[in-house]
Amino acid sequence: MYSEKVLDHFTNPRNVGEVENPDGVGEVGNPVCGDMMKITIKVDAKDLRITDVKFKTLGCGAAIATSSITTEMAAGKTLEEALAITRQAVAEGLDGLPPNKLHCSNLAADGLHKAILDYLSKRPEVKINVPEAVIKRSQESEEHDHDHNHGEE
Amino acid sequence: MYSEKVLDHFTNPRNVGEVENPDGVGEVGNPVCGDMMKITIKVDAKDLRITDVKFKTLGCGAAIATSSITTEMAAGKTLEEALAITRQAVAEGLDGLPPNKLHCSNLAADGLHKAILDYLSKRPEVKINVPEAVIKRSQESEEHDHDHNHGEE
Amino acid sequence: MNDGKMTEGIIYMDHAATAPAYPEVTAEITKWFSGWYGNASSTLYSVGRKSEEGVARARAQVAALLKTSDREIFFTSGGTESDNWAVHGAAIANRKKGNRIITSAVEHHAVLECVQYMGRQGFDVTVLPVDQYGMVDPAKVREALTDDTILVSIMHANNEVGTINPIVEIGAICAERGVLFHTDAVQTVGKIPIDLSAVHVDLLSGSSHKFGGPKGCGFLYARKGAKVDPYFHGGGQERGKRSGTMNVPGIVGTGLACEIAGSHMAQEAARLSAMRDELQKGILERIPDVKMNGHPEKRLAGHLNVCVEGVEGESMVMCLDMNRVCVSSGSACTTGSLEPSHVLLAMGIPVELSHGSLRFTLGSANTPEQIPYVLDRLTTIVGKLRAMSPTYRKR
Amino acid sequence: MNDGKMTEGIIYMDHAATAPAYPEVTAEITKWFSGWYGNASSTLYSVGRKSEEGVARARAQVAALLKTSDREIFFTSGGTESDNWAVHGAAIANRKKGNRIITSAVEHHAVLECVQYMGRQGFDVTVLPVDQYGMVDPAKVREALTDDTILVSIMHANNEVGTINPIVEIGAICAERGVLFHTDAVQTVGKIPIDLSAVHVDLLSGSSHKFGGPKGCGFLYARKGAKVDPYFHGGGQERGKRSGTMNVPGIVGTGLACEIAGSHMAQEAARLSAMRDELQKGILERIPDVKMNGHPEKRLAGHLNVCVEGVEGESMVMCLDMNRVCVSSGSACTTGSLEPSHVLLAMGIPVELSHGSLRFTLGSANTPEQIPYVLDRLTTIVGKLRAMSPTYRKR
Ligand SMILES: Cc1ncc(COP(=O)(O)O)c(C=O)c1O
Ligand SMILES: Cc1ncc(COP(=O)(O)O)c(C=O)c1O
């Protein structure tokens with residue numbers, strides 16, 4: 001059911017762990033739902049670029065693989081570029097996900113975005129363009145703790 | 001589904017045909033039901049014994065086999081003895097019949113009994129003991145043309 | 001490998017009852033019982049993925065034969081389940097829309113009995129008549145369609161006489177009225193072309209053992225969007241539509257049988273109809289007072305159904321069996337039934353005559369050399385039984 | 001012959017999902033597809049009689065295993081059909097008598113979903129709770145029985161945790177009240193003794209592929225006199241109770257599997273529980289924060305279900321698969337479901353913990369040498385995944 005790419009990232013996840021003294025932390029998901037993710041980032045304050053990014057994830061194969069590839073995609077990117085990483089981009093980076101696992105690609109991107117928003121909240125002087133969708137989803141996830149779609153296809 | 005005995009009588013039916021100048025004729029069944037039987041007998045007027053008996057049958061394997069064994073059982077018997085041939089006796093003589101074919105053993109015995117009743121109706125001076133059941137069934141069969149039980153088990 | 005050896009010397013002419021699996025199918029199936037035994041739903045581990053792959057390939061093979069998408073094929077345990085699912089599932093799911101089910105008088109019992117069962121649950125049932133060949137007239141379907149009709153179930157070809165119904169026309173009429181159309185194609189899958197991209201059918205039943213696949217497997221085609229309740233509730237297999245651990249060996253065998261049947265369909269039909277025509281000609285020439293049943297042209301290639309006057313069907317079948325020839329009388333589904341064939345009666349054949357019906361259905365086990373022998377035996381047998389019959393008089 | 005060769009090197013510990021057929025069963029089945037291919041209902045000719053004989057022998061073998069009469073065994077396409085038949089057939093047939101169906105919270109979906117479907121058709125449903133081990137309390141059945149109850153469906157042993165229910169007591173209570181009792185014995189047939197002459201059960205479901213028989217076959221035991229509608233309507237096979245051309249290969253294989261399973265039941269149970277106990281002991285000793293699920297004693301010999309704190313089940317299953325070990329997490333029926341196991345939740349296990357469930361079900365494919373390897377791999381895997389987990393902290 002999973003692509004080779006998913007299995008590769010699942011077996012050899014990149015960037016596992018926590019960045020020391022992180023500049024931004026994003027936690028999404030909920031153990032009650034079986035998926036939880038914590039993304040920590042280090043940001044170069046000058047060119048607003050992600051210099052280090054790590055994840056810790058409790059979850060299924062897709063959750064781990066999407067976490068891994070998301071950190072890989074984010075590393076070295078500017079914050080604006082990282083905010084533009086979409087769930088589609090994550091899923092495509094893994095050569096697709098099974099329909100009932102698509103929510104996992106949300107989770108990972110959301111975690112990354114939350115870490116960036118966390119960084120921004122501590123540095124109000126930084127003005128960058130945050131997509132509407134990212135703000136909206138981050139608010140929703142605060143309300144609901146998570147925004148999984150439990151329905152199967 | 002059929003016993004060896006049934007198959008034997010079906011393959012090599014005894015006493016097929018019609019007795020010439022029969023003393024009694026019994027016709028039972030109905031082509032609409034797929035089963036029809038004509039039994040003809042020759043009776044020794046002195047000792048009231050069946051000296052010849054033949055059948056013609058349109059019907060399934062069981063109908064043919066029961067016709068055959070019934071004539072075999074009747075041959076040489078006195079009329080009273082022949083009237084005592086029951087459906088059970090016919091079925092037992094064939095080592096049993098499938099449940100949904102039991103009606104066929106009625107048919108053959110009924111045909112024989114009808115031929116005997118036919119003989120008796122032409123010779124009112126002959127007084128023998130005719131079982132109630134035989135009379136009753138013969139009346140019924142006149143009414144209904146036949147008394148098949150179409151229900152399967 | 002087991003091929004025809006076990007039945008050597010036997011002439012089997014009852015392929016519409018069941019047919020031998022293609023030897024290639026048996027060889028393939030055999031691998032999936034003790035070898036690749038995984039549960040096709042257990043895709044998280046190797047053994048399960050192997051089974052899932054087998055099922056996926058089979059689904060594509062079935063879909064290819066029927067010219068449809070594999071997402072519209074749902075595997076079942078056979079024709080009876082497919083028919084029951086279609087009728088029951090469509091009736092219950094559309095109950096709010098209406099209450100009437102239309103079917104024909106010559107359907108297989110798997111449709112007819114199920115429709116009647118739904119009738120006892122409160123649905124209204126219309127049973128359409130057929131013509132003398134056993135064919136349903138599309139105009140009759142149009143007339144019968146009421147506003148509260150929710151399902152029309154008309155078989156593709158009849159199992160007893162082989163007559164092929166005009167399902168293109170019937171499908172178009174149903175589509176016009178927005179009524180679900182189910183067709184029981186158990187006798188036609190793998191035998192005549194079915195192009196689901198061209199004919200409007202919502203539900204179609206197939207049964208693998210009728211076309212060289214294994215017993216115990218079949219499928220229901222359900223057009224995307226067709227509103228039908230599941231029939232088996234449970235683990236949610238087949239995308240929630242048909243629960244139950246998938247019969248991987250049966251499914252794999254079904255797929256392969258579709259592929260094989262599809263690869264030689266036209267040739268096989270030509271081969272069978274040549275033999276069948278010879279048998280038909282021979283019987284009509286050599287045995288007097290025989291009536292041929294079914295449509296003269298719009299009929300399955302292997303089907304020959306006749307009524308032999310003055311003889312009862314079972315006794316002919318038994319005599320043929322003693323000569324190592326296997327055929328059936330009327331519908332072979334239930335043995336020993338005294339009921340005359342509902343199909344022949346619906347075609348207007350008198351009851352007396354219907355009792356003398358004999359069905360030859362040719363298929364993969366037959367060769368042209370068998371025909372003269374069968375003709376010969378049958379002629380002798382009919383002669384013998386007629387001599388024993390109190391009703392038959394040569395004219 | 002295909003035996004384990006195809007899965008060489010693989011350690012399969014998911015026998016409750018499906019089990020390999022006994023090699024003898026595969027060898028036997030193989031004869032009945034292209035070889036003895038007759039329709040078991042076509043008893044008027046040789047090829048059909050051969051099939052009928054095979055079916056009759058199989059029926060006797062199943063009946064012997066369950067200590068009942070062969071006239072009470074009806075072959076189906078598997079456990080799901082048997083469960084659906086029992087629930088639907090009993091509900092519809094007894095509708096005039098009452099409207100309530102009682103079941104338990106830990107039933108397989110084949111019962112639970114079907115009962116809920118009947119609920120949507122207007123029946124009243126009572127779902128009984130279970131204790132911490134997943135067991136149904138007979139006293140709760142007694143309390144729940146209302147005058148309008150027509151069916152009680154309580155499984156014999158649970159597929160996820162292996163807990164065995166007190167069906168003798170439950171059966172007696174139902175008998176007292178004259179209410180039909182169905183038990184889903186899919187996990188117990190061939191594994192623990194079932195004596196239908198001693199326990200009061202009206203309906204019992206079995207599925208062949210769970211005990212060394214083929215996929216795509218199963219049976220329903222229906223006690224003589226139990227009022228149940230047929231589920232498949234059609235040709236009237238199985239004495240009118242279950243229509244559809246009989247799956248002769250599957251049925252023959254089912255009979256043989258019953259015989260083989262019955263012949264070594266006690267030894268096999270002892271062999272499996274020894275391995276299982278070692279696995280259990282090893283896990284609890286070597287991996288901290290693990291909870292064992294299911295009844296400590298009243299449990300199937302091959303079942304071991306654990307919850308591993310701080311790890312999600314699927315990721316463990318996938319890691320084990322990469323080490324060529326096949327197990328499942330929760331119920332293996334539907335893959336990729338995000339729903340936590342309804343069984344574990346009903347047992348009172350917190351949702352978070354339930355996500356980390358792992359089920360090992362040992363069977364014919366296992367040998368004692370496999371246990372240390374599996375323990376070793378699992379310990380490493382849990383360590384690695386916990387290191388990756390944002391929630392797990394070693395205490
Ligand atoms: C036309 C038709 N429909 C349905 C069926 C039922 O299929 P099965 O017996 O494989 O369940 C049959 C054959 O028995 C058939 O010929
Ligand atoms: C307890 C139980 N009941 C019913 C079933 C359904 O059986 P099948 O999948 O063979 O239809 C299963 C297995 O899937 C089961 O474990």
One pair to check against side-chain contact (heavy atoms from CB on, under 4.5 Å): B:Lys101 and C:Glu314. What are the steps and the verdict?
CA-CA 12 Å; B:Lys101 293 288 188 182; C:Glu314 181 188 303; 2.5 Å; yes
Other residues, nucleotides, ligands: >12 heavy atoms within 6.0 Å of B:Lys122 NZ
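It does: B:Lys122 NZ has more than 12 such atoms within range.
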Just distance, no hydrogens or angles: give the donor-acceptor pairs under 3.5 Å from side chains in residues 51-62 of chain B, sequence neighbours left out.
| residue | atom | partner | partner atom | Å |
| --- | --- | --- | --- | --- |
| B:Thr51 | OG1 | B:Lys42 | O | 3.3 |
| B:Lys56 | NZ | C:Ala387 | O | 3.4 |
| B:Thr57 | OG1 | B:Ser67 | OG | 2.7 |

Where do B:Thr11 and C:Lys384 come nearest, in terms of heavy atoms and distance?
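Nearest pair, atom of B:Thr11 first, then C:Lys384: O-NZ, 3.2 Å.
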Please classify the contact of C:Met318 with chain B as side chain, backbone, both or neither, using a heavy-atom distance under 4.5 Å.
both
Under the ring-ring contact (aromatic ring centres under 6.0 Å, His included) rule, collect the residues that match up with C:Phe123, sequence neighbours excluded.
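Testing C:Phe123 for ring-ring contact (aromatic ring centres under 6.0 Å, His included), a comparison that skips the adjacent residues, returns none.
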Which bit of B:Val32 comes within less than 4.5 Å of chain C, counting heavy atoms only: side chain, backbone, both or neither?
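Both parts, backbone and side chain.
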Approximate separation, where rounding is to 0.5 Å, of C:Asp321 CG and B:Phe10 CZ:
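Taking CG in C:Asp321 and CZ in B:Phe10, the distance rounds to 9.5 Å.
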